[in-house]
Amino acid sequence: MALPVSAGPSGPVVARILLEIEAVHLRPDQPFTLTSGRASPVYIDCRKIISYPRARRKVIELAAELVEREIGFESLDAVAGGETAGIPYAAWLSDRLNLPMLYVRKKPKGFGRGAQIEGNLPIGARCLVMEDLATAGGSLATFVDAVKQAEAKVEHALVIFHYGTFPQSTATLAERGVKLHGLATWRDVLDVASASGRLDAKAQASVISFLEDPEAWSLAHGGKVAAT
Ligand SMILES: O=P(O)(O)OC[C@H]1O[C@H](OP(=O)(O)OP(=O)(O)O)[C@H](O)[C@@H]1O
Ligand SMILES: O=C(O)c1cc(=O)[nH]c(=O)[nH]1
C-alpha cells in the first residue's frame with residue numbers, strides 16, 4: 001500500500017511542532033494498543049501541545065486558515081470538540097473563529113440530563129466536529145453521529161493529525177456526508193523527521209513498514225482485527 005500523502009501547507013509546521021515537543025513516539029518492540037484495538041509501533045500524543053502556548057497558538061492559527069481555505073468564512077455556526085482530547089482545541093478554535101463551542105461525550109452521561117452533547121446546539125446549526133487526531137476514524141464517526149442525532153448539520157471534521165494510512169477514516173466520514181480535514185499526516189512527520197535527522201534509517205524503515213500495511217503489522221503484533 002502507498003504511504004499517506006501530505007496534509008498540505010500546514011503539514012511541515014505541525015510535524016515540526018510534534019517532533020520538537022517529543023509528541024511522536026516510536027516503540028516497535030513494545031507496540032502501542034490504539035483505541036480501535038490495533039497494535040502500532042508509533043503513537044502521536046497531540047494532547048501534549050496544550051502545554052506549549054506558542055505551539056498551540058500556531059496550531060490554532062493553521063486550523064483557522066484551513067477553515068477559511070477549505071470550508072469558508074461564513075459556513076459554520078458552531079465548533080464541537082470530541083471528548084477528551086478534542087475539547088481544548090475546539091475551545092481555542094471556536095474562540096478564534098468567534099463561534100459557539102460545544103463538546104460531545106463518547107457516550108451519553110448515564111445520570112443527570114443524560115446528555116451526550118454539552119452546550120447549546122440549535123437545530124440545523126452547521127457544526128464543525130473537531131478532534132486532536134484520527135487514526136481509523138471510529139471516534140470521529142461517533143461524535144458526528146451524536147451531533148446529527150441532535151438535528152444539527154455536519155459536513156466537515158477537522159483534526160490536528162490524521163494518520164492518512166487507514167482508508168476507513170475518510171470512508172466512514174464520507175458515508176456520513178462529512179469531509180475529513182487534517183493539519184498533518186504521517187507523511188509530513190516522516191519528511192520533517194528524516195530531513196532534520198530525527199529518525200535514523202532503521203527507525204524510518206520500521207515506521208514505513210507499518211504505514212504501508214498497518215493491518216498486517218497490527219495482526220503480526222497481536223493487535224485486533226478491528227471492524228473500523
Ligand atoms: O480514529 P480512531 O481510530 O477512533 O482513533 C483516534 C482517537 O483516539 C484518541 O482518543 P482516545 O480514545 O485515546 O481518547 P481521549 O481523547 O479521551 O484521550 C484520539 O484522541 C482520537 O479520539
Ligand atoms: O488510534 C489511537 O488511539 C491513537 C493513535 C495515536 O497516535 N495517538 C493517539 O492519541 N491515539
Side-chain angles (χ1 to χ4, degrees), residues 4 7 14-15 17-19 21-28 30-51 56 59 63 79-93 102-109 116 118 128-147 154 157-176 178-190 193 199 203 206-208 210-211 214-215 217-219 221-228:
V14 172
I17 288 171
L18 291 168
L19 287 160
I21 66 170
E22 298 182 354
V24 180
H25 300 276
L26 178 61
R27 224 172 56 187
Q30 201 193 332
F32 297 95
T33 301
L34 305 182
T35 298
S36 60
R38 292 173 172 88
S40 164
V42 287
Y43 192 84
I44 297 213
D45 191 1
C46 287
R47 301 163 193 85
K48 218 173 163 185
I49 302 171
I50 66 177
S51 303
R56 77 183 187 217
V59 165
V79 180
E83 176 197 3
T84 354
I87 295 175
Y89 298 107
W92 287 312
L93 185 62
L102 312 139
Y103 67 87
V104 192
R105 297 180 186 277
K106 291 176 185 173
K107 50 184 194 298
K109 185 167 163 160
Q116 188 166 6
E118 302 292 358
L128 173 70
V129 174
M130 172 129 206
E131 259 279 62
D132 66 323
L133 177 141
T135 307
S139 306
L140 268 177
T142 300
F143 299 133
V144 165
D145 289 347
V147 174
V154 188
L158 170 59
V159 293
I160 294 161
F161 191 83
H162 178 207
Y163 263 58
T165 194
F166 290 95
Q168 299 90 326
S169 60
T170 42
T172 191
L173 291 176
E175 279 163 21
R176 290 164 168 80
V178 175
K179 179 157 197 255
L180 175 56
H181 307 266
L183 294 179
T185 68
W186 267 109
R187 168 54 74 90
D188 297 305
V189 168
L190 274 181
L199 267 192
S206 146
V207 180
I208 287 172
F210 164 73
L211 293 175
E215 306 293 4
W217 199 100
S218 174
L219 265 181
H221 294 82
K224 277 193 210 158
V225 187
T228 58

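In each ligand, atom 1 is the first atom listed, and ligand 1 is the first ligand listed.
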Requested in this report: Have a look at ligand 1 and work out which part of Thr135, if any, has a heavy atom under 4.0 Å from it: side chain, backbone, both or neither.
Outcome: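 Looking at Thr135 and ligand 1, atoms from backbone and side chain both fall under 4.0 Å.
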Query raised in the report: For ligand 1, which part of Thr84 has a heavy atom less than 4.0 Å away: the side chain, the backbone, both, or neither?
Result: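 Both backbone and side chain.
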Please check: side-chain N/O of [X] versus main-chain N/O of [Y], any donor-acceptor pairing under 3.5 Å?
X      : Y      : value
Thr172 : Ser169 : no
Arg38  : Gly223 : no
Ser218 : Ala39  : yes
Lys224 : Ser36  : no
Asp132 : Ile160 : no
Lys107 : Gln116 : no

Under 4.0 angstrom from ligand 2, any heavy atom of [X]?
X      : answer
Asp45  : no
Tyr163 : yes
Arg38  : no

Query raised in the report: Counting heavy atoms only, which of Leu140, Asp45, Asp132, Thr142 comes nearest to atom 19 (C) of ligand 1?
Result: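 Answer by nearest heavy atom: Asp132.
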Just jot down the ligand 1 atoms closer than 4.0 angstrom to any heavy atom of [X], in number order.
X      : answer
Glu131 : 21 (C), 22 (O)
Ala134 : 1 (O)
Ala85  : 16 (O), 20 (O)
Leu133 : 6 (C), 21 (C)

**Report entry** Test: Glu118 and Lys109 ion pair at under 4.0 Å
**Finding:** no
What residue and atom, counting heavy atoms only, is the protein's closest point to [atom], and at what distance?
atom                    : value
atom 3 (O) of ligand 1  : Ala136 N, 3.0 Å
atom 14 (O) of ligand 1 : Lys106 NZ, 2.8 Å
atom 18 (O) of ligand 1 : Arg47 NH2, 2.9 Å
atom 7 (C) of ligand 1  : Ser139 OG, 3.4 Å
atom 11 (P) of ligand 1 : Thr35 OG1, 3.5 Å

At a 4.0 Å threshold, what atoms of ligand 2 neighbour a non-hydrogen atom of [X]?
X      : value
Arg47  : 10 (O)
Thr35  : 1 (O), 2 (C), 3 (O)
Leu34  : 1 (O), 2 (C), 3 (O), 4 (C), 5 (C)
Leu133 : 4 (C), 5 (C), 6 (C), 7 (O), 8 (N), 9 (C), 11 (N)

When rounded to the nearest 0.5 angstrom, what distance separates [atom1] in [X] from [atom2] in [Y]?
X      : Y      : atom1 : atom2 : value
Ser206 : Trp217 : OG    : CH2   : 7.0 Å
Leu34  : Phe166 : CG    : CZ    : 6.5 Å
Glu83  : Tyr103 : CD    : OH    : 8.5 Å
Leu180 : Leu158 : CG    : CG    : 8.5 Å
Leu19  : Ile44  : CG    : CD1   : 7.5 Å
Ile17  : Phe161 : CD1   : CZ    : 13.0 Å

Ligand 2 to [X] polar contact by distance, N or O atoms, under 3.5 Å:
X      : value
Asp132 : no
Thr135 : yes
Tyr43  : yes
Ile44  : yes

Query raised in the report: What about Phe143: any of its N or O atoms under 3.5 Å from an N or O on ligand 1?
Result: no
Query raised in the report: Can you check whether Ser36 has an N/O within less than 3.5 Å of an N/O in ligand 1?
Result: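 No, Ser36 has no N/O under 3.5 Å of an N/O on ligand 1.
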Requested in this report: Report yes or no: does a heavy atom of Arg38 sit under 4.0 Å from some atom of ligand 1?
Outcome: no
Query raised in the report: Does ligand 1 have any atom sitting under 4.0 Å from a heavy atom of Gly137?
Result: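 The answer is yes, since Gly137 has a heavy atom less than 4.0 Å from ligand 1.
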Donor-acceptor pairs are to be reported for all side-chain atoms of residues 137-145 against protein atoms at under 3.5 Å, with residues two or more places apart or in another chain.
residue, atom, partner, partner atom, Å
Thr142, OG1, Gly138, O, 3.1
Asp145, OD1, Arg176, NE, 2.7
Asp145, OD2, Arg176, NE, 3.3
Asp145, OD2, Arg176, NH2, 3.1

Query raised in the report: Can Gln168 and Glu175 be counted as having a side-chain donor-acceptor contact under 3.5 angstrom?
Result: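 Gln168 vs Glu175: no donor-acceptor pair found between side chains.
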Query raised in the report: Taking the six-membered ring of Phe32 as reference, does the NZ or CZ atom of Arg27 fall below 6.0 Å from its centre and within a 45° cone about the axis?
Result: yes
